[in-house]
Amino acid sequence: MHSKKVTKIGVLTSGGDSPGMNACIRAVVRTGLYHKLEVFGIVRGYSGMIDDDIQSMNSRSVANIIQRGGTILKTARSKEFLTHEGRRKAYDNLKKRGIDGLVIIGGDGSFRGAQVFSNEFDIPCIGVPGTIDKDIAGSDFTIGFDTAVNTAVQAIDKIRDTADAHDRLFIIEVMGRDAGYIALHSGISTGAEHILIPERRTDIEALLRSLQEKEKRQKLVNLVVVAEGDDFGGGNEVSRIIKERLPNVDIRVAILGHIQRGGSPTCLDRVLASRMGYSAVEALIEGRHNVMVGIVNNRMHYTPLDKAVKATQKISEEWMKIVKILAS
Ligand code: F6P
């Protein structure tokens, strides 16, 4: 716990944006104001902290944003914040305004930065997991995952219609450079035959055997969902290998890309973002520092930032078993 009482807090969004970040900013600002704190919005994440792009926020600054994707505070991945000089500039800009607490909405890279910063400059930092990837330990959900995965599901359902019409094999690439949750959840909920994720080695021979076997028994629709960071390097690569080995298969690739990061957040993401934003400010007021706010078993949960950045959620063997059994 931190002994000093916070009076002025800053909020920023950092790393890849995710739908629901705006709802979280709104919750931070309004909870802060409720507790008579001054609240500042830091523009473009840590870059704005270094460049002194910091604005005072009031209740109206966050009106009409709960339903909007993206982030009104903008976001960035700052290289300069990785250096001590960069962090020193950032600290000076906070200090001249008297900002004595920070809420950082972002992913593990953002929390790593917060951890180093607050160890150097004694500013309590509270992390809020905002990433479509859902790859952070210490929370069952991250802000934006539900929206992103539902966007993917809607798109894959549409692809299934045309796949069915042509009896085609479709390789669908979803986001996730280091994490397979979007692939896993969207794949299971659209009945994909195979799901390839960065956390598991892809057994390409087994995949080819299974496609051949399905072709023999004339299984008509075949969807393979591939995370962009699978060990073959995404949808186009997987398709190239299949074409090479099974030249008669009619195959198409669809890369869903950044549409998964945009759009109006789902109810689940808005509620999650509101609860987490509220709890982040409460945590600062209670004197907590360097923790990430999470939701575990539907209750608020605080994980030390250093633990949250080290561990990731694990994908168990059972998930893969479900995929295999249900796709037969
Ligand atoms: O971390 C979120 C994420 O959308 C990943 O799923 C994806 O690999 C990455 O960001 C893409 O980043 P960028 O928008 O910088 O290309």
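Both backbone and side-chain heavy atoms feed into the values below; hydrogens, waters and symmetry mates do not. Every number for a ligand or one of its atoms is a count from 1 in the order of the listing.
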* Counting from 1, what ligand 1 atoms have a heavy atom of Gly176 closer than 4.0 Å? ->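 Near Gly176, the atoms of ligand 1 are 6 (O).
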* To do: With heavy atoms of Met175 as the reference, note each atom of ligand 1 found under 4.0 Å away.
  =>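 Those atoms are 4 (O), 6 (O).
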Of all the non-hydrogen atoms in the protein, which one sits nearest to [atom], and at what distance?
atom	result
atom 6 (O) of ligand 1	Asp133 OD1, 2.7 Å
atom 7 (C) of ligand 1	Glu228 OE2, 3.1 Å
atom 11 (C) of ligand 1	Arg261 NH1, 3.6 Å
atom 9 (C) of ligand 1	Arg177 NH2, 3.7 Å
atom 14 (O) of ligand 1	His258 NE2, 2.8 Å

* Asked: Gly16 to ligand 1: N or O pair under 3.5 Å?
  -> no
* To do: Using a 4.0 Å heavy-atom threshold (strictly under), name the region of Arg77 that reaches ligand 1: side chain, backbone, both or neither.
  =>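 Under 4.0 Å from ligand 1, Arg77 contributes side-chain atoms alone.
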* Structure fact -> Counting heavy atoms under 4.0 Å, the part of Ile132 that contacts ligand 1 is side chain
* Asked: Ignoring hydrogens and geometry, is there a side-chain-to-backbone donor-acceptor pair from Asp230 to Phe232 under 3.5 Å?
  ->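 Pair found, side chain donor or acceptor close to backbone of Phe232.
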* Backbone N or O of Lys89 within a donor-acceptor pair of the Asn93 side chain at under 3.5 Å? ->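 Confirmed, Asn93 side chain pairs with Lys89 backbone.
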* Answer yes if Ile171 and Leu246 sit in the same cluster of Ile, Leu, Val, Met, Phe, Trp and Tyr residues linked by side chain heavy atoms under 4.5 Å apart, and no otherwise. => yes
* **Ring geometry between Trp319 and His185 (parallel below 30°, tilted from 30 to 60°, perpendicular above 60°)** => tilted
* Taking the six-membered ring of Phe121 as reference, does the NZ or CZ atom of Arg87 fall below 6.0 Å from its centre and within a 45° cone about the axis? -> no
* To do: Decide if atom NZ of Lys96 counts as having more than 12 heavy atoms of other residues, nucleotides or ligands within a radius under 6.0 Å.
  => yes
* To do: Tell me, yes or no, whether the heavy-atom count around Glu318 atom CD, taken from other residues, nucleotides or ligands under 6.0 Å, exceeds 12.
  => no
* Kindly state whether the ring of Phe81 and the ring of Phe117 have centres lying under 6.0 angstrom apart. => yes
* Say whether Gly107 and ligand 1 are in contact under the criterion: heavy-atom distance to a ligand atom below 4.0 Å. => no
